Amino acid sequence: MKKYEKVRREDYEAWYRDNRDYRERVRADESRLAYHLMPETGWLNDPNGLCQFQGLYHIYYQYTPFEPTGEIKLWGHYTTRDFIHYKQEEPALFPDQDLDAHGVYSGSAYVEDKTIHYFYTGNVKLFDRDDYDYIMSGRVSNTIHVTSRDGYHFSAKELVMNHKDYPADMSCHIRDPKVLKKGEYYYMVLGARDALSKGMVLVYRSMDLTNWEYFNRITTEQTFGYMWECPDLFCLDGRLCLVCCPQGVEPMGTEYQNVHQCTVFCLDYDFRENTIRLNSQFPGMVDRGFDFYAPQTFLDEQGRRILIGWMGIPDAEYTNPTVKAGWQHALTMPRLLHMREGRLLQQPLEEMKELRRDRRDYDFWELGKGVETGLVFEACLSMESCSDMCLTIRDDVTLSYEDGLLTLDMGTSGSGRTRRSVLLEQLTDLRIFSDTTSLEIFVNEGLEVFTTRVYGDRPGMRIKGKCCGTVSVYELSGFIYE
Ligand code: FRU
């Protein structure tokens with residue numbers, strides 16, 4: 001496919017027919033993931049349109065099937081009823097209109113009255129002049145509304161907002177709509193970069209999901225990055241949270257070490273008075289690993305607030321070895337969210353326990369001698385006391401805890417990535433999920449998480465240091481695809 005050309009469903013279908021070998025090659029790749037959603041071929045980024053509709057979970061995602069480097073974006077589509085059995089569906093939305101000719105960019109789903117309302121950004125790049133800087137000019141971000149009564153068939157794409165509806169002091173970078181309802185109004189948040197390169201979230205308001213009026217903006221006093229992508233405003237355990245992805249933030253100690261951030265603010269928002277107060281000018285980090293970005297949350301039919309993230313990051317400063325095999329990136333496991341004392345708590349969904357096979361229990365004395373694992377496992381460590389430890393997880397990847405600093409060191413398996421740390425008052429427990437080429441490490445019941453891709457193939461766990469406790473190791477089976 002050409003980089004800046006529309007892709008219609010027929011174009012994709014013809015390409016799909018011609019690319020059976022490509023699919024076989026990716027299917028045979030040893031580094032493909034056992035229990036994480038990845039692209040059939042090519043590139044995957046943000047989860048989109050997450051919702052549960054009439055029992056079925058819909059997981060759409062940013063998708064370039066044609067090559068592993070992420071050019072023109074479609075919405076890929078998986079469905080599941082239980083987060084273990086999945087069906088790979090046909091791509092849902094194509095960049096086939098003038099409104100979204102250069103990408104069906106990220107967006108979300110809002111379910112009401114037997115209808116799914118999708119809002120996404122239609123990305124358009126202009127090429128009629130050669131003096132565009134693509135920040136203040138040369139790019140159009142259309143906010144588009146589409147509905148469906150089944151998650152598979154879609155209404156015509158309807159433009160609900162474009163630059164004439166965005167505030168005059170904005171750049172061209174406005175995208176990634178997400179909707180929540182409060183009282184009689186719907187509110188839409190959009191990620192934005194203003195003309196002075198200050199990152200922020202724009203808030204719009206509507207009574208009918210079609211006509212939107214500008215309402216307010218959420219940002220810090222001092223500039224915190226030049227652009228905030230993928231905002232998600234939601235209520236959680238009585239608090240209002242804003243998760244968003246600021247770009248262009250300088251590192252501060254152990255904080256904000258990745259090229260782009262994924263952060264969380266708690267805020268007080270009086271929607272009637274339209275007054276906003278952020279609880280801090282420096283947001284918390286949602287994840288501490290190398291590969292976590294653009295998560296989205298949704299409320300399922302049981303009332304659970306579930307988060308799925310992109311296990312990857314834009315503009316990553318390394319070459320992902322899977323590119324050679326024709327694919328790149330994956331989604332994280334689904335995580336259940338709660339608030340604890342003003343902090344975000346993330347735990348793997350209960351359903352993930354269905355993957356467990358063959359449990360083995362050890363104490364730390366045995367773990368000190370080394371225990372065998374495969375590459376695909378879950379390990380639950382519970383510390384009775386721990387003042388200093390160095391845990392080898394697999395290959396030469398270590399997690400060490402010393403002087404209150406917990407550090408993940410990728411050793412030679414990070415493909416160039418090195419270390420990430422967090423300060424902890426104490427270390428009480430770890431839940432480590434290892435897949436063929438990924439790690440998700442939940443610390444202290446999920447108050448901190450490290451998500452990263454990893455590229456070694458020598459399993460085995462071992463602990464050293466002043467630490468006692470117990471560990472259960474489970475082999476994990478993979479997702480089942482229909
Ligand atoms: C975040 C992001 C979004 C955009 C999408 C395009 O990773 O840059 O802001 O909508 O990806 O694929």
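Keep in mind the model is a prediction, meaning the values are calculated, not measured.
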Completion exercise
One should read off an interatomic distance between Leu44 CG and Gln328 CD, to the nearest 0.5 angstrom, of 10.0 Å

Practice task
Please determine if Arg27 and Asp21 form a salt bridge, counting it only when a charged side-chain N lies under 4.0 Å from a carboxylate O.
Solution key: no

Handout entry: Shortest non-hydrogen contact from Leu190 toward Pro231
Key = C-CG, 3.6 Å

Exercise for the section: Hey, could you give me the CD1/OG1 distance between Ile463 and Thr398, rounded to the nearest 0.5 Å? Expected result: 11.5 Å

Practice task
Look only at the side chain of Ser413 and the backbone of Val397, and say whether a donor-acceptor pair between them is shorter than 3.5 Å.
Solution key: no

Practice task
Carefully, step by step, assess Tyr12 and Phe94 under the rule ring-ring contact (aromatic ring centres under 6.0 Å, His included).
Solution key: CA-CA 9 Å; Tyr12 165 79; Phe94 291 85; 5.7 Å; yes

Handout entry: Donor + acceptor pair across side chains of Arg20, Tyr22 (<3.5 Å)
Key = no

Exercise for the section: Give the ring-plane orientation class for Phe265 versus Phe224, where under 30° counts as parallel, over 60° as perpendicular and anything between as tilted. Expected result: perpendicular

Practice task
Before accepting this row, confirm whether a basic side-chain N of the pair Glu89/Lys87 lies closer than 4.0 Å to the acidic partner's carboxylate O.
Solution key: yes

Handout entry: Note: Asp232-Lys178 ion pair, threshold 4.0 Å (strictly below)
Key = yes

Problem - Which atom of Cys245 lies closest to which atom of Ala294, heavy atoms considered - result: SG-N, 3.4 Å

Handout entry: Separation of Cys235 SG from Leu180 CG (nearest 0.5 Å)
Key = 6.0 Å

Practice task
Please determine if Lys369 and Glu366 form a salt bridge, counting it only when a charged side-chain N lies under 4.0 Å from a carboxylate O.
Solution key: no

Handout entry: Under 3.5 Å donor-acceptor, Ser171 side chain and His173 backbone
Key = yes

Practice task
May I ask you to decide if Leu267's main-chain N or O and Asn279's side chain share a donor-acceptor pair within less than 3.5 Å?
Solution key: no

Practice task
Check the pair Leu202 / Ile174 against side chain to side chain contact (heavy atoms under 4.5 Å, CB included), numbers first and verdict last.
Solution key: CA-CA 9 Å; Leu202 302 179; Ile174 294 182; 4.0 Å; yes

Handout entry: Polar contact flag, side-chain donor to acceptor under 3.5 angstrom, Gln247-Glu229
Key = yes

Practice task
Decide if the gap between the ring center of Tyr61 and the ring center of Trp43 is smaller than 6.0 angstrom.
Solution key: no

Problem - Whether over 12 other heavy atoms sit under 6.0 Å from Gln88 CD - result: yes

Handout entry: Main-chain N/O of Gly103 paired to Asp100 side chain as donor or acceptor, under 3.5 Å
Key = no

Exercise for the section: Establish, from distance only, whether the side-chain atoms of Thr437 and Arg453 form a donor-acceptor pair under 3.5 Å. Expected result: yes

Handout entry: Phe53 atom CZ, neighbour heavy-atom count above 12 within 6.0 Å
Key = yes

Exercise for the section: Please assess Thr64 against Lys73 for the test side chain to side chain contact (heavy atoms under 4.5 Å, CB included), listing each intermediate value before the final yes or no. Expected result: CA-CA 5 Å; Thr64 303; Lys73 301 291 165 58; 3.6 Å; yes

Handout entry: Test item: Asp396 side-chain N/O and Gly411 main-chain N/O as donor-acceptor pair under 3.5 Å
Key = no

Exercise for the section: Please indicate whether Lys125 has more than 12 foreign heavy atoms, meaning atoms of other residues, nucleotides or ligands, lying under 6.0 Å from its NZ. Expected result: yes

Handout entry: For Val323 against Pro68, the heavy-atom pair lying closest together
Key = O-CG, 3.8 Å

Practice task
Please confirm whether Tyr63 and Tyr78 have ring centers closer than 6.0 angstrom.
Solution key: no

Handout entry: Pair Arg304 + Glu350: basic N to acidic O under 4.0 Å
Key = no

Problem - Thr121 versus Asn123, side-chain donor and acceptor atoms under 3.5 Å - result: no

Exercise for the section: Establish, from distance only, whether the side-chain atoms of Asp29 and Ser31 form a donor-acceptor pair under 3.5 Å. Expected result: yes

Exercise for the section: For the pair Glu255 and Arg288, evaluate salt bridge (Lys or Arg N to Asp or Glu O under 4.0 Å) and give the outcome as yes or no after the intermediate values. Expected result: CA-CA 8 Å; Glu255 309 296 287; Arg288 306 235 164 220; 2.9 Å; yes

Problem - Side-chain donor-acceptor contact under 3.5 Å, His260 with Asp315 - result: yes

Exercise for the section: Could you grab the distance from atom OG1 of Thr80 to atom NE2 of His85, nearest 0.5 Å is fine? Expected result: 8.5 Å

Practice task
For the residue pair Thr451 and Asp291, confirm or rule out a side-chain donor-acceptor distance under 3.5 Å.
Solution key: no

Exercise for the section: Give a yes-or-no answer on whether the side chains of Arg394 and Ser434 include a donor-acceptor pair shorter than 3.5 Å. Expected result: yes

Exercise for the section: Could you tell me whether Arg23 sits above the aromatic face of Tyr16, with NZ or CZ closer than 6.0 angstrom to the six-membered ring centre and within 45 degrees of the axis? Expected result: yes

Practice task
Would you name the heavy atoms of Leu424 and Tyr401 that are closest together and state the gap between them?
Solution key: O-OH, 3.1 Å

Practice task
Report the C-alpha separation of Leu93 and Leu74 in whole Å, then their side-chain angles, then the decisive distance to 0.1 Å, and conclude whether the side chain to side chain contact (heavy atoms under 4.5 Å, CB included) test is met.
Solution key: CA-CA 6 Å; Leu93 296 174; Leu74 285 54; over 6 Å; no

Exercise for the section: Provide the closest heavy-atom pair for Ala34 versus Asp435 in the form atom of the first, atom of the second, distance. Expected result: N-OD1, 2.9 Å

Practice task
For Thr223 and Lys198, indicate whether the former's side chain and the latter's backbone hold a donor-acceptor pair under 3.5 Å.
Solution key: no

Exercise for the section: Flag the pair Glu317 and Arg417 as a salt bridge only when some basic side-chain nitrogen lies within less than 4.0 angstrom of an acidic carboxylate oxygen. Expected result: no

Practice task
Quick one: closest heavy-atom pair of Ala192 and Met227, and the distance?
Solution key: C-SD, 3.5 Å

Handout entry: Side-chain donor or acceptor of Glu440 paired with backbone N/O of Met333 under 3.5 Å
Key = yes

Handout entry: Backbone of Glu372 reached by a side-chain donor or acceptor of Arg360 within 3.5 Å
Key = yes

Problem - Modelled atom types, side-chain donor and acceptor of Ser382 and Asp429, under 3.5 Å - result: no

Problem - Backbone N/O of Val26 and side chain of Arg32: donor-acceptor pair under 3.5 Å - result: yes

Practice task
May I ask you to say whether Arg343 pairs ionically with Glu448, meaning some side-chain N is under 4.0 Å from a carboxylate O?
Solution key: yes

Fill in the blank from the handout: Distance col, row Leu405:CG vs Thr254:OG1, nearest 0.5 angstrom, shows 7.0 Å

Practice task
May I ask you to say whether Asp237 pairs ionically with Arg239, meaning some side-chain N is under 4.0 Å from a carboxylate O?
Solution key: no

Handout entry: N/O donor-acceptor pair under 3.5 Å between Gln296 side chain and Gly49 backbone
Key = yes

Exercise for the section: Show the numbers, then the answer: is there a side chain to side chain contact (heavy atoms under 4.5 Å, CB included) between Met38 and His329? Expected result: CA-CA 6 Å; Met38 52 173 272; His329 304 311; over 6 Å; no

Exercise for the section: Find the distance between CG (Asp388) and NZ (Lys466) and round it off to the nearest 0.5 Å. Expected result: 4.5 Å

Output a table of donor-acceptor pairs, distance under 3.5 Å, between side-chain atoms of residues 470-482 and any protein atom two or more places apart or on a different chain; print 'none' if there are none.
unit_1: Ser472; atom_1: OG; unit_2: Arg359; atom_2: NH2; d: 3.4
unit_1: Ser472; atom_1: OG; unit_2: Asp361; atom_2: OD1; d: 2.8
unit_1: Tyr474; atom_1: OH; unit_2: Arg356; atom_2: NH1; d: 3.4
unit_1: Tyr474; atom_1: OH; unit_2: Arg359; atom_2: NH1; d: 3.4
unit_1: Ser477; atom_1: OG; unit_2: Leu355; atom_2: O; d: 3.4
unit_1: Ser477; atom_1: OG; unit_2: Arg357; atom_2: NH2; d: 3.2

Problem - Asn48: which of Trp75, Tyr60, Tyr120 passes side chain to side chain donor-acceptor pair (under 3.5 Å) - result: Trp75

